[in-house]
Amino acid sequence: MATIAGKKSGLVWAVHISVVFLVLLWLFPTIGLFVSSFRTADQISSSGWWAALFESEQNEVYRAADPDDNRVADGDMFVVTGNIFEGEPREIRAWGISSRNVSAFQPGETAEMKDGENVTLDADGNYVWRGNDKQLSGRGQRIFITATVPPEFTFDNYRTILFSGSGQDNMAKAFFNTLTVTIPATIIPIVVAAFAAYALAWMEFPGRALLIAAVVGLLVVPLQLALIPLLRLHLGIGIGKGYLGVWLAHTAFGMPLAVYLLRNYMVGLPRDIIENAKVDGATDFQIFTRIILPLSFPALASFAIFQFLWTWNDLLVAKVFLIDATGSTTVMTNQIVELLGTRGGNWEILATAAFVSIAVPLAVFFAMQRYLVRGLLAGSVK
Amino acid sequence: MTSLSLKDVSKSYGEVEVLRNIDLEIEQGELIVFVGPSGCGKSTLLRMIAGLEKITGGTLEIDDVVVNDVPPAQRGIAMVFQSYALYPHMTVYDNMAFALRLAHKSKEEIDTAVKSAAETLQLTQYLDRLPKALSGGQRQRVAIGRSIVRDPKVFLFDEPLSNLDAALRVATRIEIAQLKESMPESTMIYVTHDQVEAMTLASRIVVLHGGNVEQFGAPLDLYERPANTFVAQFIGSPAMNLITAEVTATGNVTSVKMADGGHADVPIASRDGDIADAVKLGVRPEDLTVTDSDDYLVSAEVEIVEALGETTVLYFKSQNGGEALIAKLPGIHKIDKGTTIRLTAVPEKLHLFDSEGRSFLYR
Amino acid sequence: MFADNPALLGLATIVIGVGACLGYFFFSNVVLDKIIFPASGPNAGRNINRANMVRPWLFLFPALFALLLYLAYPVFETLRLSLTDRDQGGAFVGFANYSQMMAEPKFWEAVRNNMLWLIVVPAVSTAFGLLVAQLTDRIRWGNLAKSLIFMPMAISFVGASVIFKLIYDTRPEDQNQIGILNAVWLKFDGGIGSVLMLQVLPSMLLIGFIVIVASVAWSFARGIIAKGEDKSVWLLPLRLLVAGGALWLIWVSVGSLIGLWIGELPYGEAQTWLTVPMWNNFFLMVVLIWIQTGFAMVILSAALRGIPEETVEAAIIDGANPFQIFFKIKVPQIMGTIVVVWTTITLTVLKVFDIVFAMTNGQWETQVLANYMYDKLFRANDWGVGSASAIVIMLLVTPILVWNVYNARKEMR
């Protein structure tokens, strides 16, 4: 298209700008969460996260050192010197000595008070406070400054969420629980579905077309329908609520998509290769393990990502089939929902917990996006 | 010694019959070519021999053992597919070794077999490559190599050259011919729709049409003594001319006359009852010559002249609704279109077919 | 100790579970080939054929078992449960659960909200997806842009809910607003800019929406009156349904259009967005749209690439401008894909539970069917009504189910 004669470049710019706008719009929410997870509770509640990215102006109050201990005689006057910053220095923009006018003076200027008392403050926080015996007693002089604060981030939230913190805030256990749910619930359906998909794709038997149609139908059955009967079943046969139940449920709920995706892929493999393997003396089992499985890797990867994302992100199945009254098997999604209820205002905890839970899927997503896209394209019923 | 025999073999998919009563006896060491137009059942027949399609009637014997119910791997056959069917995830070496490994052969045995096959086919330096890193011709050779290592009783080739370009096709055809030379004991069955491959490679050709064997014989037999009009027109290019004629005299020499006044005395025997029958007189375009005499076969108006240098092909206007006529003359001829010329042929090169298309020779 | 460590337990399951699966397939094949139908002896040939007739079922058995027990059986069991009462020991009560459900205003609220979700989310997601797919099609960093817009697909509904709760957050008047929506809202002061952005622009969008809905409704309704159209019986209810739904939508849109101009907008006051009735539904929908747009974009982008280049080039030579090319050449060619994307998102919407559960739990008139059902099931412990509402969801899915199966069968022939 770019090569076509007489094309207006204005339109091209409009396209670029619109795409930039849309991308930013889509990224903005996630970035907000990400940035917030690195801020302290105070920072989060005092300013929006977008302010954290830039230097900010802050008003702060300091006191000069206690004059009774620190004053030094200078002629008939006394002087207290020191630096208002004990820890990290700030860059002072303006300062004052009264809360009514906190930015009355520039750094280096001297503030004259009544009866010769004065204060000089330099940009680096060094001050000289001069006055007579009476003036330099009691509490230290208040100094208001307006300083620029560089962006400041902390890992404390992650420390709380991952390694310490009260039982409620700590996500480490939930993280492992989620893994325990996810990995078997991803691998087992792949194995089971791959055999079934091979049978539906390459073996001749009566009723095959009917079965394929049934799988397509089951693809859209809402799993809400399965909740009560299956919970009753699990309770009835003694599985109860627990990992076994949730693995079985995830395996079965992922099955239609797995069979559908894998069959569609396998049926597209060249017939000649499979027949050649038969002529070479391979049994159906050997054809499956040595030819079909290696060649179906892209489809297997696609489904694996789907199932992984779905089980990792799931809340409903876990709530119904896994999490019992003790809550010892809680998963991250559930814990976050509980945090939303109990610590709705503690954004540093919430944001960090949420980011911990979405970090793994995001990593998987960016690493294996190619397969995810391929799976999506194959998986949407045509 | 008979290597392979089909007795009354037929194949049907439900109601549809795709092969009918095929009887073939194939000797050891022969290279048999199945040829025919697409949809004639030649690939199905090959796949039945391989065991990839069930035989629905008759028996198939390999080395005098009925193998109807024997799975492909145990029939002692190897097959080269049209698409080569190389396993894309295995190296050339693994592709060739796969069948032997499945048969639990020893490592040394496999290695020797693969190496020697690779040597024969000049594949030694490619053994570690994946199929996708090979050219079309090389892939073809791997597919052949894969069948050689199994040392089968019968090699099956399913249109192995149709995925190659024209130049490579000729080269590979010659390689296959040489391969056959080097393995005089092996039986090969080769399916193609290309009559040039059939004529050049085959020791005998099976011409299939509509699920029937039209003729089974040596290549030149098929060319010189076609059993019916289908074979006559299928073998040879351009196809044989068939001219409607009427029998005027019978005996050891049959006389016919054409509607436009031409006539011929064909040295083929006929019966008394054939007199006055409508028949087809067959003459190949390359057997026709231009003549001035009154003793001609046909006279017709030239419609198109194709001067190819080595030959000149003349297309004639069809006369009174009859068949179009083609003549292929050696060398260069200056003939204008629109002229009417007379053509004749040596009587020994003429063929006679009855009204049902059967040759007088095979009645 | 072993059973206490979830990581070890998980590892053990993987090994045992996967091993058991593979073992089942391997040994069942061995048993079939070596013991039941041995491929040797006098009946070798016949035995091999018999074994090959049984083998597909060996391969299929575990998957079929899972599908039947976990998906097919529950459909019927739920239907049965919806006709019984748990408190009466599972006695058959006919449609009592349904009539009890119909009498609840919360149920109708859920149905109304679900309808809104069903219309808005698929439409907006598909539209945005198509827009992004088209815009990124020819630019060099298009793949990067697509991958960033696609990213929310990987984020859980719960994670997304937290993300958007932060956006919708509200602080008391005297504090800095940390939710971006309120921070932006406070920038509007009722001046000319506010009127343009908050009244004129939305009005234009609403009018556009009304026009589109009206034209869709007309194209469906015309078939009832006009001659020469396909008047098959089964199309009539569909036409009536679409036309009725569209009328309702127009009614709602006109209502909000009027409300937009007569109502006083509370400028300068921070809003608790999730408690504003009616509008809070849309704030929840935004979350799902944010997630689903990437899905729509990926599929539509592939479809756009599949359009034969020649048709576009022919249109350029015929003098079509970029918009005409898009709407008259490209969109008609990918109509099938658009329908697929639309229905897939519709299915997701019908099952949406996590977002509502995590953000409002159905308070402030944001209830939807899936959450209503969960409420009935696990809070009220009323399995009868819970099952009845599940059946309602199933009924809504059924047309798509039938359509999918019909298409799949057609494709296989």
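The model shown is predicted, which means the values in this text are computed figures rather than measured ones.
Aromatic ring centres of A:Trp26 and C:Phe128: separated by under 6.0 Å.
Closest of all the heavy-atom pairs between C:Ile393 and A:Pro222 is CG2-CG, 3.8 Å.
For the options A:Met255, A:Arg208, A:Met332, heavy-atom pairs under 4.5 Å to chain C are most numerous at A:Met255. Chain A forms the most heavy-atom pairs under 4.5 Å with one residue out of C:Phe65, C:Tyr70, C:Tyr73, C:Tyr24, and that residue is C:Tyr70. When each of A:Pro229, A:Ala354, A:Ala199, A:Ala258 is scored by its heavy-atom pairs under 4.5 Å with chain C, the top score falls to A:Pro229. Among A:Thr283, A:Val191, A:Thr251, the residue with the largest count of heavy-atom pairs under 4.5 Å with chain C is A:Val191.
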* List the steps, then state whether side-chain contact (heavy atoms from CB on, under 4.5 Å) holds for A:Phe366 with C:Met151. => CA-CA 8 Å; A:Phe366 281 113; C:Met151 183 192 70; 3.8 Å; yes
* Check the pair C:Arg55 / A:Phe205 against side-chain contact (heavy atoms from CB on, under 4.5 Å), numbers first and verdict last. => CA-CA 9 Å; C:Arg55 201 185 322 278; A:Phe205 59 93; over 6 Å; no
* To do: Please step through ring-ring contact (aromatic ring centres under 6.0 Å, His included) for the pair C:Phe26 and A:Phe285, ending with a clear verdict.
  => CA-CA 7 Å; C:Phe26 182 74; A:Phe285 189 78; 5.2 Å; yes
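The side-chain heavy atoms of A:Phe195 and C:Phe61, taken from C-beta on, include no pair separated by under 4.5 Å. Within the 4.5 Å cutoff, no side-chain heavy atoms of A:Gln224 are placed close to those of C:Leu350. For the pair A:Leu248 and C:Leu69, the minimum side-chain heavy-atom distance is 4.5 Å or more.
Heavy-atom distances place the backbone of A:Pro206, and not its side chain, under 4.5 Å from chain C. For C:Met394, the parts sitting under 4.5 Å from any heavy atom of chain A are the backbone and the side chain alike.
Ring pair C:Phe59/A:Tyr198 is tilted by interplanar angle, where 30° to 60° counts as tilted.
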